[in-house]
Amino acid sequence: MPATAIDRPRPSRPRSWWGWGHADAHPDDAECVALGALLPGTLARPLPLPRVADLPVGRPGVTPPPSLAHLVTADPEARAAHAMGKAYRDVIRALRGRPGRIPDLVARPTGDQEVADLLEWAGENAVAVIPFGGGSSVVGGVEYRGDAHRAVLSLDLTAMDRVVEIDTTGRSALIQAGALGPVLEGRLRPHGLTLRHFPQSFEFSTLGGWLATRAGGHYATVHTHIDDFVQSLRVVTPAGTGTSWRLPASGAGPSPDRLFLGSEGSLGVITEAWMRLQERPRHKASASVAFADFRRALDAVRAIAQSDLAPANCRLLDPGEALLSGASHDGSTVLVLGFESATAPVDDRLATALDLARAHGGRGEAPSAGAGADAAVTAWRSAFLRMPYLRDGLARMGAVVDTFETAATWDRIPALIDAVRTEVGAAALKATGHQATVNCRLTHVYPDGAAPYFTVAVAGRPGDEVQVWDDIKAAATDVLHRHRATITHHHAVGRDHRPGYDRQRPEPFALALRAAKNSLDPHHILNPGVLLD
């Protein structure tokens, strides 16, 4: 059934141009000082909030033709907001007034033809084009590095945010790539449907961004990545526009969709997609389990992952992560379990999972009827949503706060986690002279492996935080490579993970990728430096 266009009211809460999320949700100076007190060696008072007026926003190096001028702006605030993503490296550069190359122009096309026209003009004028959705990249995926191009154009797709059509019979929808998470879910909700993809950046990221980065969502098992929901893609490239067939499945050669999923805007611009939907869940149940021993907790999670229970949430927090989130204060490892279904109660599945956890030394019970949400589950959920803002508050205190995630098979997981804690902690100490906190949690679990997610926090060297961050990232990349763990499970490659990606991918595949780049983007204007040179 056709769907009407969505009205796009501008958000009442302004977005932060330099940090995570909403501008009014950042810690104030007093909270920043309190956060800094948790890491000895941080600054005595927070760095001032950055101002666009203090940035080196020069005159654009290129002027668009009259036919495209209505799509393009050179407004300094718009250009600053599109200069970087939201990684720690980006935040501290903004705070220090060193944002890197600021785009010359920002374009906001409203349809495929306008995208094609902008790409044609850019190719003829040596203008680099950086596709931009919500700007939530934490891997350097939406910035320009280098000087090989005459100018830089940030291609903001958020004006293309309609849910064009909903097929309730086949439970799917045609959605434009610029739709932010709340926009697309709001349009699907009246039909009792959901895409069921909720990354931490849900409020501030777009469907196109999820597709271009092969984003992972909140759910811990089964459909963990956006790939699982794709029926077909429409992509505009400098070599032409193509749409794959909308099919439930196909064995016809290599998948055209797979070429563009994860391509991070380097091969083409995804403008819309048919996405598989699900009924909205009506039955939910959750509980937490405490463990005295982290290794036994790993065994419990593996047992649950290898069962047929398929929990929606199966997050294992080590003692440091549990303390940080408020899920535990006694040194326990905490497992957060959640189940949901659109068709049947899930209490029995939760009870079975708790039995498996208790068989491995866990302590936990399902909440009794009417008892309300589990306290540890509630604390974890609140901390999960608040954590990016606290990271920015710590950055203002000169702390270096990094997160990185990976995935490996179960036989490698224990040694990998131990090595990261030891070697990344040692690298942080060497770089700063301060002891670092290195915490771990499992965010996604599979029958054959898991995705550990690490948080590193340490007092930095004032004014030299980016170099410290680079040193820590290099140490982490080395550990992951030695243990044959992926350079990223769900945050994409961007520019920050390029060294690890170059070591991970097979060389014949790299040759094929370069050939695709040369064919689809002959002028090499699309997101230069992402995935390949």
Determine, step by step, whether Leu195 and Ile226 satisfy the side chain to side chain contact (heavy atoms under 4.5 Å, CB included) criterion, reporting the C-alpha distance in whole Å, the side-chain angles of both residues, the deciding distance to 0.1 Å, and the verdict. CA-CA 9 Å; Leu195 180 58; Ile226 195 67; 4.2 Å; yes
Could you check whether Arg187 pairs with Glu185 (Lys NZ or Arg NE/NH1/NH2 to Asp/Glu carboxylate O, under 4.0 Å)? no
Should Arg276 and Asp228 count as an ion pair when the cut-off is N to O under 4.0 Å? no
Quick check: closest heavy atoms across Ala173 and Leu188, and the distance to 0.1 Å? CB-CD2, 4.1 Å
For Thr206 against Gly134, the heavy-atom pair lying closest together: CG2-N, 3.7 Å
Looking just at side-chain N and O atoms, do Arg315 and His218 make a donor-acceptor pair shorter than 3.5 Å? yes
What I want to find out is whether Arg189 reaches Glu279 closely enough, with some N-O distance under 4.0 Å, to be called a salt bridge. no
May I have the step-by-step check of side chain to side chain contact (heavy atoms under 4.5 Å, CB included) for Val115 and Leu155, ending in yes or no? CA-CA 8 Å; Val115 173; Leu155 188 68; 4.3 Å; yes
Taking the side chain as every heavy atom from C-beta outward, state whether Ser341 and Pro281 have any atom pair closer than 4.5 Å. no
Side chain to side chain, His26 and Asp24, heavy atoms closer than 4.5 Å: no
Thr213 side-chain N/O to Gly209 backbone N/O, donor-acceptor pair under 3.5 Å: yes
Side chain to side chain, Leu184 and Leu207, heavy atoms closer than 4.5 Å: yes
With Arg349 as the cation and Phe339 as the aromatic partner, state whether NZ or CZ is under 6.0 Å from the six-membered ring centre and within 45° of the axis. no
Between Arg396 and Leu47, is there a donor-acceptor pair closer than 3.5 Å when you use the side chain of the first and the backbone of the second? yes
Does the structure place the NZ or CZ of Arg196 under 6.0 Å from the centre of the six-membered ring of Phe229, at an angle of no more than 45° from the ring's axis? no
Hey, what do you get for CG (Leu233) to CD1 (Ile270), rounding to the nearest 0.5 Å? 5.5 Å
Test your reading of the model: is there a side-chain donor-acceptor pair from Gln504 to the backbone of Gly500, 3.5 Å cut-off? no
What I'd like to find out is whether the side chain of Leu71 reaches to under 4.5 Å of the side chain of Leu118, using heavy atoms alone. yes
Is there side-chain contact between Val152 and Ile130, with at least one heavy-atom pair below 4.5 Å? yes
In Å, rounded to the nearest 0.5 Å, how long is the span from CG of Leu520 to CG of Leu526? 9.0 Å
Any donor and acceptor pair, going by atom type alone, linking the side chain of Asp90 with main-chain N or O of Ala87 inside 3.5 Å? yes
Are Glu405 and Thr443 close enough that a side-chain donor and a side-chain acceptor fall under 3.5 Å? no
CA sep, side-chain torsions, deciding dist, call: Asp374, Ser286, side-chain hydrogen bond (donor to acceptor under 3.5 Å, both in side chains): CA-CA 7 Å; Asp374 181 289; Ser286 62; over 6 Å; no
Is a side-chain donor-acceptor pair under 3.5 Å present for Arg246 with Gln231? yes
If you measure from CZ on Arg214 to NE2 on His489, what distance do you get to the nearest 0.5 Å? 9.5 Å
Rounded to the nearest 0.5 Å, what separates atom SG in Cys314 from atom CG in Leu337? 5.0 Å
Is the backbone N or O of Val127 less than 3.5 Å from a side-chain atom of Asn125, with the two atoms forming a donor-acceptor pair by type? no
Option passing ring pair (Phe, Tyr, Trp, His ring centres under 6.0 Å) with His490 (candidates His497, His444, His197): His444
Would you mind reporting whether Val346 and Glu340 have side-chain heavy atoms less than 4.5 Å apart? no
May I ask you to say whether Arg145 pairs ionically with Asp496, meaning some side-chain N is under 4.0 Å from a carboxylate O? yes
Side-chain donor-acceptor pair under 3.5 Å between Ser205 and Trp210, yes or no? yes
Interatomic spacing from CH2 in Trp20 to NE2 in His22 - rounded to 0.5 Å: 10.5 Å
Pair Asp104 + Arg59, salt bridge at N-O below 4.0 Å: no
Is there a side-chain contact between Leu259 and Leu267 in this structure, where contact means two heavy atoms from C-beta onward sitting under 4.5 Å apart? yes
Can a side-chain donor-acceptor contact be found between Asp112 and Thr271 if the only test is distance below 3.5 angstrom? yes
Regarding Asn527 and Arg495, do their side chains bring together a donor and an acceptor under 3.5 Å, going by distance alone? yes
Say whether, by atom type as modelled, one donor and one acceptor occur between the side chain of Ser519 and the main chain of Ala516 under 3.5 angstrom. no
Can you find a pair of side-chain heavy atoms, one from Arg498 and one from Val493, that are under 4.5 Å apart? yes
Interatomic distance, NZ@Lys473 vs CG@Asp470, rounded to 0.5 Å, equals 9.5 Å
Between the side chains of Asp156 and Thr158, does any donor sit under 3.5 Å from an acceptor? yes
Does Asp147, at its CG atom, have more than 12 non-hydrogen atoms belonging to other residues, nucleotides or ligands within less than 6.0 Å? no
For the residue pair Trp18 and Pro50, what are the closest heavy atoms and their distance? CG-CG, 3.5 Å
So, for Trp121 and Thr63, which heavy atoms are closest and what is the spacing to 0.1 Å? CZ2-O, 3.8 Å
Other residues, nucleotides and ligands only: do more than 12 of their heavy atoms fall within 6.0 Å of CD on Glu124? yes
Distance-only polar pair, side chains of Ser154 and Tyr144, donor-acceptor under 3.5 Å: no
Looking at Arg79 and Asp75, is there a salt bridge between them, counting it only when a charged N and a carboxylate O are closer than 4.0 Å? no
I'd like to know if the side chain of Arg391 and the backbone of Thr403 have a donor-acceptor N/O pair within less than 3.5 Å. no
Side chains of Asn518 and His524 only: does a donor on one sit below 3.5 Å from an acceptor on the other? yes
Are a donor atom and an acceptor atom from the side chains of Glu465 and Tyr88 found within less than 3.5 Å of each other? no
Given 3.5 Å as the limit, does a donor-acceptor pair link the side chain of Lys517 with the main chain of Ser266, or not? yes
Quick check: does any side chain N or O of Arg441 sit under 3.5 Å from a backbone N or O of Tyr453, one acting as donor and the other as acceptor? no
Taking all non-hydrogen atoms of both residues, which atom of Ile92 and which atom of Arg89 are closest, and how far apart? CG2-O, 3.5 Å
If every non-hydrogen atom of Gly97 is compared with every non-hydrogen atom of Leu55, which pair is closest and at what distance? CA-CD2, 4.3 Å
Show, in sequence, the C-alpha distance, side-chain angles and deciding distance for Glu203 and Leu180, and conclude whether the side chain to side chain contact (heavy atoms under 4.5 Å, CB included) test is met. CA-CA 7 Å; Glu203 285 185 90; Leu180 291 160; over 6 Å; no
Has the side chain of Arg93 got a donor or acceptor atom that lies under 3.5 Å from a matching backbone atom of Val466? no
What verdict does the side chain to side chain contact (heavy atoms under 4.5 Å, CB included) test give for Val269 and Val235, after you've listed the backbone C-alpha separation in whole Å, the side-chain angles of each residue and the deciding distance to 0.1 Å? CA-CA 5 Å; Val269 180; Val235 184; 5.6 Å; no
